[in-house]
Amino acid sequence: MTLAAQIKLIVADAVKHLFADADVKGVTITINQTKPEFEGDYTVVLFPFVKVLRMKPDALGAQLGTYLVEKTGIFTSYQVVSGFLNLTVNDNYWVNFLLNNFNNIHFGEKPGTDCRVMIEYSSPNTNKPLHFGHMRNIFLGAAMAQICKANGKQVVKANLINDRGIHICKSMVAWQEYGNNATPESTGLKGDHLVGDYYVKFNDVYKEEIAQLVAEGTDKDKAEKEAPIMKEAQAMLRDWEAGEMEVRELWQTMNGWVYKGFDDTYRKMGITFDKTYYESNTYLLGKNIVAEGLEKKVLFTKEDGSVWIDLTEDGLDQKLLLRGDGTSVYMTQDLGTARLKYDDYKLSQSVYVIADEQNYHMQVLKLILKKLGEPCADGIYHLSYGMVELPTGRMKSREGTVVDADDMIAEMISLAQTQTEQAGKSDGFTHAELAALYEMIGLGALKFYLLRVDPKKKMIFDPKESIDLHGYTATFIQYAHARICSILRKENVPLLPGNTKFQSTDFKQAITLAEKNIVVALEQYPDVLASAAEEYDPSTLCNYSFQLAQLFNTFYDEHSISKAENEEKKQLRLMMIIMTAQTLRHAMNLMGIKLPERM
RNA sequence: GGCCCGGUAGCUCAGCUGGAUAGAGCAUCAGCCUUCUAAGCUGAGGGUCAUUGGUUCGAAUCCAAUCCGGGUCACCA
């Protein structure tokens with residue numbers, strides 16, 4: 001338990017003891033970190049008690065403060081300032097905290113439980129390469145998987161590949177018509193990019209055909225349906241569903257190219273999955289659930305044979321679950337897939353990382369599953385995130401207005417190189433070391449950039465402005481880490497914690513403010529890690545890591561470790577920086593960001 | 001139009017389960033490298049927390065209304 005949580009209990013206890021007659025059960029106790037302009041470490045807000053106890057805040061504060069200082073041994077002094085009781089924590093507490101935890105590489109983690117959670121993320125379509133928006137999804141999902149693990153959950157990382165449908169046929173038709181048998185080998189293009197080019201080509205031709213039809217006097221809506229290339233795509237989809245050999249072969253070939261491209265991008269990003277679902281295998285699922293729902297009379301049939309659910313009682317609309325011709329819709333598949341996932345892994349929770357444009361769909365999905373009595377319903381959570389937009393508006397793959405993931409990664413790595421060379425910091429590394437370093441910096445900056453803001457907020461990314469490597473960035477945190485490693489090297493202390501031993505245990509020196517700020521922050525890490533999991537929000541970890549690095553930099557500027565006043569101080573500071581480096585590494589690793597020992 | 005999400009410094013964002021004088025980064029300006037890495041540190045300027053009303057000892061935070069921006073309300077996925 002963190003100190004703030006302990007203080008809350010201690011105060012509750014003290015109040016009960018001091019004012020046995022008063023009914024203080026309903027009073028919520030607020031413990032804050034004391035503002036820097038006041039003396040003290042933690043603050044008890046006294047106002048809530050004032051009414052119940054009918055005491056003046058100052059008198060109450062004095063009585064409570066005296067009691068806490070005398071009875072607990074945690075605090076050395078207190079001050080009451082206009083309704084706030086500021087408590088100063090005994091330096092021994094912080095020293096003991098460091099002694100007990102500085103070498104613990106699992107600090108902040110929760111013990112394992114049998115709570116099994118699936119996190120589905122990435123879930124790409126196989127008609128185009130991954131872009132900047134997908135990266136937000138992927139990094140969010142991967143980070144949440146790690147964060148959940150660190151909080152004691154068993155995690156299944158899942159990818160549901162959308163490998164069939166009209167959009168896939170569009171790329172296929174365009175390739176057939178205009179591709180001249182181009183392959184990744186013959187063109188030197190990455191497979192996903194090659195296929196994506198034909199998706200764009202399809203839409204170019206489609207637009208031209210519509211324009212021509214309209215020019216010939218056809219109505220626009222009709223033209224959109226009658227355009228020859230669209231009819232071809234629809235015909236191809238029918239052939240695909242009928243299992244027509246040639247179409248299936250082309251489909252497998254082109255998807256194979258795309259998967260190779262995706263694998264390459266995932267590898268560069270350091271992303272892995274435990275389970276891959278393919279929509280071509282799951283798109284027929286869900287029909288059973290619909291049949292069962294009809295039996296249970298949760299669903300109903302209209303005259304044309306289509307199957308619906310009525311959600312008007314819940315303030316929503318009627319929703320189609322099966323077309324009149326018996327074919328399934330998006331929702332049908334999702335119902336089936338939800339059950340499949342649950343049956344495959346006996347899940348306690350199922351997290352879907354999906355953009356916020358699908359909020360309504362996910363709300364309806366969960367509600368329908370609940371009404372159907374599916375056991376998976378309660379565990380479903382939609383981790384909804386805002387879309388990444390360009391200054392000119394939304395990215396559109398079919399118009400080619402996207403920031404490509406592969407390009408972005410390459411650009412960031414080259415930016416890392418440029419800036420390292422400009423700073424004159426590329427000396428003394430081998431080629432391989434430099435390559436690794438640039439990747440750490442470039443990729444780290446990219447991941448941090450996408451994870452540092454609240455997931456539900458939409459982001460606007462201007463490709464003309466490169467992602468910064470100064471200030472609130474991964475680079476800042478990496479730099480602090482490298483500085484710490486540099487000190488440890490100089491002091492011959494192992495960089496990896498766990499095997500550091502110190503002789504002296506008798507620390508009597510007063511802790512300075514810069515020192516204390518770091519230890520206080522370190523002590524709060526378990527709470528931050530827990531809340532990142534509870535809120536499904538990795539940005540809290542970005543924020544925390546940045547603040548900790550900032551505190552370290554301030555400390556570093558004010559105090560010397562190597563030339564500490566005495567051996568005792570030096571050891572205390574070494575413990576502090578070892579634990580700081582360890583905590584930064586821990587938090588950043590959860591987000592897939594590596595910290596270099598030298599940069 | 002219904003529902004959902006957002007609106008905080010010039011820009012990008014924290015803070016939102018109510019607590020002290022609203023915080024960072026970028027940008028601007030002024031300082032700091034013979035001492036463990038200046039990708040850093042210190043300081044300055046910059047705010048009607050969209051608006052109005054309400055609840056409260058206390059509101060950026062809760063409630064209501066209004067304004068602005070986005071999403072969604074498909075027999076597309």
Side-chain angles (χ1 to χ4, degrees), chain A residues 28 30 32 34-35 37-38 43-48 50-51 57 81-84 86 123 125 127 162 164-168 279 283 302 304 306-308 315-317 319-325 327-334 355-361 363-364 384 386-387 389 393-394 416 419-420 422-425 441 445 449 452-454 456-462 465 468-480 482-491 539-540 542-544 546-547 549-550 552-564 573 577 598-599:
Chain A
T28 45
T30 310
N32 294 329
T34 305
K35 301 244 164 198
E37 55 268 37
F38 300 101
T43 295
V44 184
V45 184
L46 298 171
F47 298 105
V50 169
K51 234 182 206 171
V81 184
S82 57
F84 298 91
N86 298 333
S123 303
N125 294 338
N127 61 339
N162 194 324
R164 62 159 286 282
I166 189 74
H167 49 297
I168 312 294
E279 205 186 276
Y283 82 109
K302 288 194 178 175
D304 63 353
S306 57
V307 181
W308 297 73
L316 305 171
D317 300 321
K319 191 84 193 167
L320 176 85
L321 296 184
L322 215 54
R323 294 189 186 102
D325 63 6
T327 56
S328 53
V329 291
Y330 182 37
M331 187 61 80
T332 327
Q333 295 175 36
D334 271 7
D356 61 6
E357 59 183 353
Q358 296 204 39
N359 284 356
Y360 181 74
H361 174 79
Q363 188 192 348
V364 171
S384 165
M387 315 271 279
E389 296 181 7
R394 284 173 72 159
Q419 301 225 359
T420 305
Q422 267 175 17
K425 298 202 172 194
I441 295 173
Y449 180 86
R452 69 182 185 179
V453 296
D454 183 343
K456 68 173 175 290
K457 291 202 177 181
K458 78 168 185 203
M459 342 183 23
I460 293 171
F461 175 70
D462 190 344
E465 289 171 26
D468 213 327
L469 300 184
H470 301 271
Y472 186 27
T473 61
T475 317
F476 182 96
I477 295 159
Q478 289 168 325
Y479 185 62
R483 277 175 142 183
I484 291 173
C485 291
S486 171
I487 298 168
L488 297 180
R489 270 194 302 273
K490 187 174 169 182
E491 293 298 321
S539 76
T540 56
C542 292
N543 241 302
Y544 173 84
F546 176 67
Q547 276 167 26
Q550 227 174 6
F552 166 76
N553 280 332
T554 303
F555 159 81
Y556 177 90
D557 210 57
E558 289 177 17
H559 302 300
S560 172
I561 285 96
S562 304
K563 295 181 184 165
R573 287 179 185 166
I577 65 169
R598 221 152 44 101
M599 65 187 283

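A note on names: the letters A, B, ... follow the listed sequences, proteins ahead of strands, and every chain is numbered from 1.
- In this structure, CG of Leu46(A) is placed 17 Å from P of C57(B), rounded to the nearest angstrom.
- As judged by a 4.0 angstrom heavy-atom cut-off over every strand, Lys563(A) is placed among residues touching the sugar-phosphate backbone only.
- The distance from atom CZ of Arg452(A) to atom P of G25(B) is 12 Å, rounded to the nearest whole Å.
- In the set A39(B), A77(B), C26(B), the nucleotide with an atom closest to the side chain of Gln358(A) is A77(B).
- Listed pair Asn553(A) / G40(B) fails the phosphate criterion, with no side-chain N or O lying under 4.0 Å from OP1 or OP2.
- Residue Asp325(A) places no side-chain atom within donor-acceptor reach of the base of C75(B), judged by atom type and a 3.5 Å distance cut-off alone.
- In this structure, Leu316(A) atom CG and U72(B) atom P are separated by 16 Å, rounded to whole Å.
- One finds no side-chain N or O of Arg483(A) lying less than 4.0 angstrom from the OP1 or OP2 phosphate oxygen of A39(B).
- Contact annotation for Thr30(A): no contact, since no heavy-atom pair falls under 4.0 Å across all strands.
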Applying ring pair (Phe, Tyr, Trp, His ring centres under 6.0 Å), run through Phe47(A) and Phe84(A) and close with a yes or a no.
-> CA-CA 8 Å; Phe47(A) 298 105; Phe84(A) 298 91; 5.7 Å; yes
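- C11(B) takes the anti form, because its glycosidic angle lies more than 90° either side of 0.
- Nucleotide A30(B) is matched to U42(B) when pairs are restricted to Watson-Crick or G-U wobble geometry with both distances under 3.5 angstrom.
- A salt bridge links Arg394(A) with Glu357(A): at least one charged nitrogen is closer than 4.0 Å to a carboxylate oxygen.
- What separates CG of Asp462(A) from C1' of C13(B) is a distance of 17 Å, to the nearest Å.
- Here the nucleotide nearest the side chain of Val329(A), chosen from C75(B), G70(B), G40(B), is C75(B).
- Side-chain atoms of Val329(A) and Leu322(A), non-hydrogen and from C-beta on, never get closer than 4.5 Å to each other.
- Backbone-only contact: Glu279(A) has heavy atoms under 4.0 Å from sugar-phosphate atoms and none from a base.
- The listed nucleotides are G71(B), U12(B), C76(B); the one nearest the side chain of Arg394(A) is G71(B).
- The base of U21(B) does not come close enough to the side chain of Lys35(A) for any donor and acceptor atom to sit less than 3.5 Å apart.
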Is there a ring pair (Phe, Tyr, Trp, His ring centres under 6.0 Å) between His361(A) and Tyr330(A) once you walk through the steps?
-> CA-CA 9 Å; His361(A) 174 79; Tyr330(A) 182 37; 4.1 Å; yes
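- You'll find that the side chain of Lys457(A) is closest to G6(B), out of G6(B), G69(B), U37(B).
- Here the C1' atom of nucleotide G2(B) and the NZ atom of Lys319(A) are 15 Å apart, to the nearest Å.
- Salt bridge Lys456(A)/Asp454(A): present, at least one basic N to carboxylate O contact under 4.0 Å.
- Pair check for C16(B) finds none; no Watson-Crick or G-U wobble contact set falls under 3.5 Å.
- Of the side-chain N and O atoms in Arg323(A), none sit less than 4.0 angstrom from OP1 or OP2 of A74(B).
- Counting only heavy atoms from C-beta on, Phe47(A) has its side chain closest to G19(B) among G19(B), G40(B), A24(B).
- Checked against A24(B), G6(B), C26(B), the side chain of Lys456(A) finds its nearest nucleotide in G6(B).
- Within the 4.0 angstrom heavy-atom criterion, only backbone atoms of the sugar-phosphate kind lie near Thr554(A); the bases stay farther away.
- Side-chain N/O atoms of Thr420(A) and base N/O atoms of A39(B) include a donor-acceptor pair closer than 3.5 Å.
- For Arg598(A), the side-chain atoms get nearest to U37(B) when compared with the rest of U37(B), A39(B), C26(B).
- Place Gln419(A) and Ser539(A) on RNA chain B by their nearest nucleotides, and Ser539(A) ends up nearer the 5' end.
- A cation-pi contact, defined as under 6.0 Å to the ring centre and within 45° of the axis, is absent between Arg452(A) and Phe546(A).
- Atom OH in Tyr449(A) sits roughly 10 Å away from atom P in U12(B) (whole-Å rounding).
- Listed pair Lys458(A) / G71(B) fails the phosphate criterion, with no side-chain N or O lying under 4.0 Å from OP1 or OP2.
- Summarising the geometry, the separation between CG on Asp317(A) and P on C3(B) is reported as 12 Å, rounded to the nearest angstrom.
- Using a 4.0 Å heavy-atom criterion, one finds that Phe476(A) contacts the sugar-phosphate atoms exclusively.
- Nucleic acid contact class of Met599(A) (heavy atoms, under 4.0 Å, all strands): base.
- RNA chain B is contacted by both Gly324(A) and Asn32(A); Asn32(A) maps to the nucleotide lying nearer its 5′ end (nearest heavy atom per residue).
- Nearest to the side-chain atoms of Tyr472(A) among the listed nucleotides C75(B), U37(B), G25(B) stands G25(B).
- Remark: Lys319(A) is not positioned above the aromatic ring of Trp308(A), lacking an NZ or CZ atom under 6.0 angstrom from the ring centre and at most 45 degrees off the axis.
- Base contact: Ile441(A) has a heavy atom under 4.0 Å from a base atom.
- Rounded to whole Å, the distance from CD on Glu37(A) to C1' on A22(B) is 12 Å.
- Between the side chain of Thr332(A) and the main chain of Leu321(A), a donor-acceptor pair closer than 3.5 Å is present.
- Within 4.0 Å (heavy atoms only), Tyr360(A) reaches sugar-phosphate atoms of the nucleic acid but no base atom.
- Under the Watson-Crick and G-U wobble criteria, each requiring two contacts below 3.5 Å, nucleotide C62(B) is paired to G54(B).
- OP1 or OP2 of G25(B) sits under 4.0 Å from a side-chain N or O of Gln550(A).
- Counting non-hydrogen atoms under 4.0 angstrom, Thr28(A) reaches nothing in the nucleic acid.
- Out of G25(B), G70(B), C36(B), the shortest distance to the side chain of Phe546(A) is found at G25(B).
- With hydrogens and angles left out, the side chain of Asn86(A) and the base of A20(B) share a donor-acceptor pair within 3.5 Å.
- The phosphate of G40(B) (OP1 or OP2) has a side-chain N or O of His470(A) nearer than 4.0 angstrom.
- Here the side chain of Tyr556(A) is nearest to one of U72(B), A38(B), C75(B), namely A38(B).
- Within 3.5 Å, no donor on the side chain of Thr473(A) pairs with an acceptor on the base of A39(B), nor the reverse.
- A cation-pi arrangement is present between Arg483(A) and Tyr556(A) under the rule of less than 6.0 angstrom and at most 45 degrees off the ring axis.
- Base-pair partner of C3(B): G71(B) (Watson-Crick or G-U wobble, both distances under 3.5 Å).
- Within 4.0 Å (heavy atoms only), Gln547(A) reaches no atom of the nucleic acid at all.
- At the heavy-atom level, Thr43(A) lies under 4.0 Å from base atoms of the strands shown.
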